[in-house]
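The structure appears right after this line, and notes come after that.
Small disclaimer: the values here were computed from a predicted structure and weren't measured. Whatever order the structure lists ligands and atoms in, that order sets their numbers, starting from 1.
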Amino acid sequence: MSYECILTELRGSGERKTGLITLNRPKQLNALNDQLMDELGQALLAFDADDGVGCIVLTGSERAFAAGADIPTMAPHDFMSAFKTGLISKNWETILQVRKPVIAAVGGFALGGGCELAMMCDFIIAADSAKFGQPEIKLGIIPGAGGTQRLPRAVGKSKAMDLLLTARMMDAAEAESAGLVARVVPADKLLDEALAAAETINGFSAPSVALIKELVHQAFQGPLSDGVKIERRYFHALFGTADQREGMDAFMNKRKPEFKHR
Ligand code: DAK
């Protein structure tokens, strides 16, 4: 498959590889338009369906992960045309269908829809150069891809209100201490660190990985008691896998496990 607004490749040395997707509209700081979002959705679903892929890393350039939705594309709309055409709605949440872990490797600007896209990933590794923000208010609009919902869940109400209402940017250190970002690494090590994290995950049993992702997402959607009950069922279910026997036998015999992902 050839794409115009993204680059895709397989990385890694193990049996299961990492699907690397790089947003690639450098002149527009990776501003997100329909074509890019269509391509991103296709690439994500293709990696998700590929048994040879364990994890996906989504990144941008050193200057920008993505500076938001493409402003000139949005500018001409009025309410009726935005409503009738479902302005940039149809292809924005494909990433939420992906069952494998998606790691956002964020360098430079992650603003507006760019910050929202990073928050739809499973976790964020940030370069020390990264800057996060929801500056839509400066354009006379509000976030449209979950920014008012996911940001407060990630950083708490007060900081989310501050960022959303003042449009200020938050640097990587602040984003890490607020809980938006899992780790901050030097900018020139960003991709290596994200790929190393992906490679670690690729080495674990795929059913365990998929269930952890599903359960952590459940933690944000339902009551605690429901989440714990589902976790208990899945925990028991994993005792029907070959990988549980392999993992525990390897521990007891002081050897490295060889997971078969079943
Ligand atoms: N769209 C299009 N082009 C952009 C862009 C954007 N969001 N951001 C930057 N660019 C372009 C600039 O126009 C400029 O192009 P040229 O003038 O060179 O042709 C080039 O990228 C470099 O930008 P600057 O010259 O401005 O570079 P600086 O370093 O001075 O500033 C900046 C970088 C990122 C601080 C600045 O460019 C900036 O403030 N950009 C706009 C950021 C922003 O407001 N983002 C939020 C956009 S609104 C939805 C889903 C998503 C959304 C809504 C609904 N649904 C599912 C319904 C999302 C909305 C948004 O994201």
Could you name the protein residues that come within less than 4.0 Å of ligand 1, counting only heavy atoms, and order them by chain and residue number?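 Lining ligand 1: K27, Q28, L29, A31, R63, A67, G68, A69, D70, I71, P72, M74, L87, I88, S89, W92, F109, L111, G112, G113, E116, P135, E136, L139, G144, A145, M169.
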
I want to check something: taking the side chain as every heavy atom from C-beta on, are I71 and L139 in contact at a cut-off of under 4.5 Å?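 The answer is yes; the side chains approach within 4.5 Å.
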
Tell me whether D243 contacts the main-chain N or O of S205 through its side chain, where contact means a donor paired with an acceptor under 3.5 Å.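 Pair absent, no side-chain N/O of D243 close to backbone of S205.
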
Answer with yes or no whether the side chains of E214 and Y234 bring together a donor and an acceptor at under 3.5 Å.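 Note: Y234 and E214 side chains meet the donor-acceptor criterion.
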
Going by atom types alone, do T8 and E39 pair a side-chain donor with an acceptor below 3.5 Å?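 The criterion, which ignores hydrogens and geometry beyond distance, is not satisfied for E39 and T8.
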
Using the test side chain to side chain contact (heavy atoms under 4.5 Å, CB included), find all partners of K17 that sit at least two apart in sequence or belong to another chain. L10

Tell me whether the rings of F79 and F83 are parallel (<30°), tilted (30 to 60°) or perpendicular (>60°).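 Aromatic pair F79/F83 classed parallel.
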
